[in-house]
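Because the structure is a prediction, the values reported are computed rather than measured.
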Amino acid sequence: LRPGWFESLKYFVSLHPHSEHHDDIPLPRDAPRATVDGEVLVSQTQLPKHPEVQVGNYKKGAEGDQAAGDGATAQREPNKHPVVKFGEHLELYCGRLDSSLVAYIWGRKASMTSEAVTLIGRSLAPL
């Protein structure tokens with residue numbers, strides 16, 4: 001997701017308890033907006049920040065990068081992928097213990113006139 005100059009980009013996490021096999025867990029049709037006890041837990045939206053520690057490098061001008069130009073040598077530059085920290089205390093009350101908890105990462109791109117929420121990825125934690 002790349003926001004335009006007039007858009008903001010924030011991320012949030014939703015946690016969903018499930019007992020199905022991981023291959024049978026369906027993707028959500030819509031992004032959850034609020035926590036519903038026993039069903040879903042939703043974090044607050046957070047802005048992406050540059051990491052405190054740089055990990056990994058990439059070669060600028062390698063593998064057909066057109067920005068390098070003719071005769072330019074490949075340079076190593078820091079990887080500039082932003083990170084999001086979710087440091088809030090979250091609680092989900094359930095009537096039963098499910099076998100896994102699925103975390104979905106969502107990106108919310110908004111402007112003055114519109115909003116788009118995109119599913120970025122998911123991860124499964126067995127309980």
Roughly how far, to the nearest 0.5 Å, is the [atom2] atom of [Y] from the [atom1] atom of [X]?
X	Y	atom1	atom2	result
Ser100	His21	OG	NE2	10.0 Å
Leu127	Ser99	CG	OG	7.0 Å
Arg2	Glu7	CZ	CD	13.0 Å
Leu41	Leu101	CG	CG	8.0 Å
Leu92	Glu39	CG	CD	9.5 Å
Arg122	Ile105	CZ	CD1	12.5 Å

Would you say [X] and [Y] make side-chain contact, with heavy atoms under 4.5 Å?
X	Y	answer
Glu115	Arg108	yes
Val117	Arg33	yes
Val13	Tyr11	no

### Query
Does atom CZ of Phe6 have more than 12 heavy-atom neighbours from other groups under 6.0 Å away?
yes
Should [X] and [Y] be counted in the same cluster of Ile, Leu, Val, Met, Phe, Trp and Tyr side chains packed under 4.5 Å apart?
X	Y	value
Leu119	Val102	yes
Ile120	Leu15	yes
Leu27	Val40	yes
Leu9	Leu47	no

Could you tell me which non-hydrogen atom of [X] sits nearest to which non-hydrogen atom of [Y], and how far apart they are?
X	Y	result
Pro48	Pro82	CB-CB, 3.8 Å
Lys85	Gln46	O-CG, 3.7 Å
Val83	His50	CG2-C, 4.5 Å
Glu91	His89	OE2-NE2, 2.8 Å
Pro32	Ser14	CG-CB, 3.5 Å

### Task
Evaluate the ring planes of Tyr104 and Trp106, with Trp represented by its six-membered ring, and classify them as parallel (under 30°), tilted (30 to 60°) or perpendicular (over 60°).
tilted
